[in-house]
2 protein chains.
Amino acid sequence: MNQSLLIAWEQYRDLYEEISVPARTILLEEGKVARYAYYIREGGVRAWFNNKGKETSFQFFFEGEGVSAMESFRTGQPSMYTIETLSAARLLKISKENFDLIADSTPGFKAALEEAVFQRLLHYRKLFVCQIRDTPQERYATLVADQPHILQRVPLQYIASYLGITPVSLSRIRNKFQK
Amino acid sequence: MNQSLLIAWEQYRDLYEEISVPARTILLEEGKVARYAYYIREGGVRAWFNNKGKETSFQFFFEGEGVSAMESFRTGQPSMYTIETLSAARLLKISKENFDLIADSTPGFKAALEEAVFQRLLHYRKLFVCQIRDTPQERYATLVADQPHILQRVPLQYIASYLGITPVSLSRIRNKFQK
DNA sequence: ATAATTTCTTAACAATTGTAAAGAGATGCT
DNA sequence: AGCATCTCTTTACAATTGTTAAGAAATTAT
């Protein structure tokens with residue numbers, strides 16, 4: 001579900017639908033099975049889970065990216081997290097059945113999917129490595145340098161949990177950063 | 001490179017070799033291209049990288065597991081990290097060429113490899129989530145509960161970096177834990 | 001527009017972690 | 001065995017982060 005999977009979607013127009021939803025729309029709730037995957041035409045999405053009463057956001061998605069609770073969509077197991085829009089969004093919505101149909105009938109699709117899975121593996125490993133190697137200040141600086149759009153479009157409280165710190169600590173780091 | 005890939009290795013015995021190496025043998029050095037993958041018959045291995053003069057260990061491997069610098073082995077890019085034995089080890093060593101030969105000629109191999117990649121994606125995501133959600137104490141407790149063999153077989157200084165803390169801090173946490 | 005709500009910042013204090021250094025303990029080498 | 005080296009623990013102090021609470025700023029709703 002990344003850009004390499006954008007191949008030939010238009011010929012399957014009857015297998016997915018385009019929907020428009022407001023901000024804070026829950027696309028998949030923690031504990032439920034993901035029967036749909038989404039592709040973001042416009043807007044932002046976050047993935048988060050409940051942690052002792054507080055929300056921990058661990059991934060953000062924007063235009064041109066695919067979103068689903070991967071392992072739930074793949075295995076049929078209940079999702080460990082919620083997927084929710086950050087803003088009003090326009091999405092392509094496809095069912096698991098139709099997704100599999102396309103995967104089975106499109107040459108190269110599964111190879112592209114495998115590559116996307118591999119790239120996401122590298123992405124998560126990088127996030128883990130940054131966590132054990134870098135300080136919160138360094139992680140914030142990396143975010144500013146590499147993914148400034150996240151800072152512009154995601155509320156700071158969500159970014160704080162993504163960085164593994166509290167909103168108060170993030171605010172202090174930002175304060176230092178200005179000087 | 002996990003247990004599901006153990007299928008039918010014996011019929012390819014001329015495509016890999018079994019080697020025995022002492023502790024602290026570097027199987028792949030940071031900056032070099034991974035031309036071989038390994039399967040651990042006996043012993044332990046760690047993956048680490050240089051971080052401002054200090055070593056940061058981010059993964060440990062033992063009997064029955066496959067080891068390689070994944071993306072280097074796959075893409076031919078220089079590896080970002082070093083792979084080194086923790087103890088004397090007995091390993092199966094296979095070249096990239098022979099690995100691809102087997103992958104191409106064994107039905108189901110690529111599907112099993114894809115599944116292994118997916119499982120490792122989930123593994124790294126879990127590590128990342130533990131980092132942003134749990135305290136160092138909680139992460140240590142999880143290690144004690146879920147992977148006690150790591151504590152028994154890996155020097156504490158390496159475990160400390162894996163938990164994202166200093167050896168001093170780990171020592172303090174262990175001290176508290178005894179009580 | 002105004003009020004209500006939510007988000008972000010700031011401050012004070014407690015708790016945790018990092019750093020540096022010293023000593024104890026374990027391991028390895030000849 | 002004895003020496004040297006490496007690892008782990010402990011201590012003291014500095015720096016950072018978490019927690020709680022209050023106020024400022026921004027957003028949302030009516």
Side-chain angles (χ1 to χ4, degrees), chain A residues 21-26 43-44 46 48 51-57 60 84-89 130-144 148 150-179, chain B residues 21-26 43-44 46 48 51-57 60 84-89 130-144 148 150-179:
Chain A
V21 297
R24 293 183 174 275
T25 300
I26 290 178
R46 70 175 173 129
W48 63 272
N51 174 29
K52 303 159 194 160
K54 292 183 178 179
E55 296 178 2
T56 299
S57 301
F60 307 111
E84 181 180 336
T85 56
L86 287 161
S87 58
C130 286
Q131 281 289 326
I132 65 172
R133 183 191 58 197
D134 302 334
T135 63
Q137 283 97 325
E138 290 171 332
R139 297 200 294 271
Y140 177 74
T142 300
L143 195 69
V144 171
I150 289 185
L151 276 158
Q152 290 157 5
R153 299 182 62 181
V154 180
L156 291 172
Q157 55 180 331
Y158 301 153
I159 293 176
S161 67
Y162 176 73
L163 292 172
I165 57 179
T166 61
V168 176
S169 190
L170 176 57
S171 187
R172 281 189 288 233
I173 289 169
R174 284 164 57 82
N175 192 313
K176 278 188 189 174
F177 227 72
Q178 288 178 327
K179 303 163 188 172
Chain B
V21 296
R24 293 181 173 275
T25 301
I26 290 178
R46 71 175 173 128
W48 62 272
N51 174 30
K52 301 160 197 161
K54 292 184 178 178
E55 296 179 3
T56 299
S57 301
F60 308 112
E84 181 180 336
T85 56
L86 287 162
S87 58
C130 286
Q131 281 289 326
I132 64 173
R133 182 191 58 197
D134 301 334
T135 63
Q137 283 97 324
E138 290 171 332
R139 297 200 293 271
Y140 176 74
T142 300
L143 196 67
V144 171
I150 288 184
L151 277 158
Q152 290 156 6
R153 299 182 61 181
V154 180
L156 290 172
Q157 55 181 332
Y158 301 154
I159 293 175
S161 67
Y162 176 72
L163 291 173
I165 57 179
T166 62
V168 177
S169 190
L170 176 57
S171 187
R172 281 190 287 235
I173 288 169
R174 284 164 56 83
N175 192 313
K176 277 189 190 174
F177 226 73
Q178 289 177 329
K179 303 161 189 172

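Naming: A, B, ... by sequence-line order, numbering from 1 per chain.
Backbone-only engagement by S169(B) is indicated by non-hydrogen atom pairs under 4.0 Å involving sugar-phosphate atoms exclusively.
Remark: P of dT9(D) and CD1 of I165(B) are 11 Å apart, rounded to the nearest angstrom. Rounded to whole angstrom, the span from the CG atom of L170(B) across to the P atom of dG18(C) amounts to 10 Å. As a whole-Å value, the separation of R172(B) CZ from dT7(D) P is 20 Å. Straight-line distance from the CZ atom of R24(A) to the C1' atom of dT28(D): 11 Å, rounded to whole Å. Across the protein-nucleic acid pair, L163(A) atom CG and dT16(D) atom C1' stand 15 Å apart, rounded to whole Å. Computed from coordinates, the R174(B) CZ to dT9(D) C1' distance equals 10 Å when rounded to whole Å. L151(B) places its CG atom 17 Å from the P atom of dT7(D), with the value rounded to the nearest Å. At whole-Å resolution of the value, CD in Q157(A) and P in dT6(C) are 11 Å apart.
A close approach under 4.0 Å does not occur between any side-chain nitrogen or oxygen of T166(B) and OP1 or OP2 of dT17(C). Within the 4.0 Å cut-off from OP1 or OP2 of dT17(C), at least one side-chain nitrogen or oxygen of Q137(B) is found. An OP1 or OP2 oxygen of dT10(C) is reached within less than 4.0 angstrom by a side-chain nitrogen or oxygen of N175(A).
Between R24(B) and E55(B), none of the side-chain N atoms (NZ, or NE/NH1/NH2) sits under 4.0 Å from a carboxylate O, so this pair counts as no salt bridge.
The side chain of V168(B) lies closest to dA21(C) when the candidates are dA21(C), dT17(C), dC8(D). Checking dT19(C), dT16(C), dT10(C) against every side-chain atom of K176(B), the shortest atom distance belongs to dT16(C).
Side-chain contact of T56(B) with R133(A): a donor-acceptor pair under 3.5 Å is absent, judged by distance alone.
Between I132(A) and Q131(B), the closest heavy-atom pair is CG2-NE2, 3.5 Å. Shortest non-hydrogen contact noted between G44(A) and S87(A) is N-OG, 3.1 Å.
Here the CD1 atom belonging to I165(B) is positioned 9.0 Å from the CZ atom belonging to R172(B), to the nearest 0.5 angstrom.
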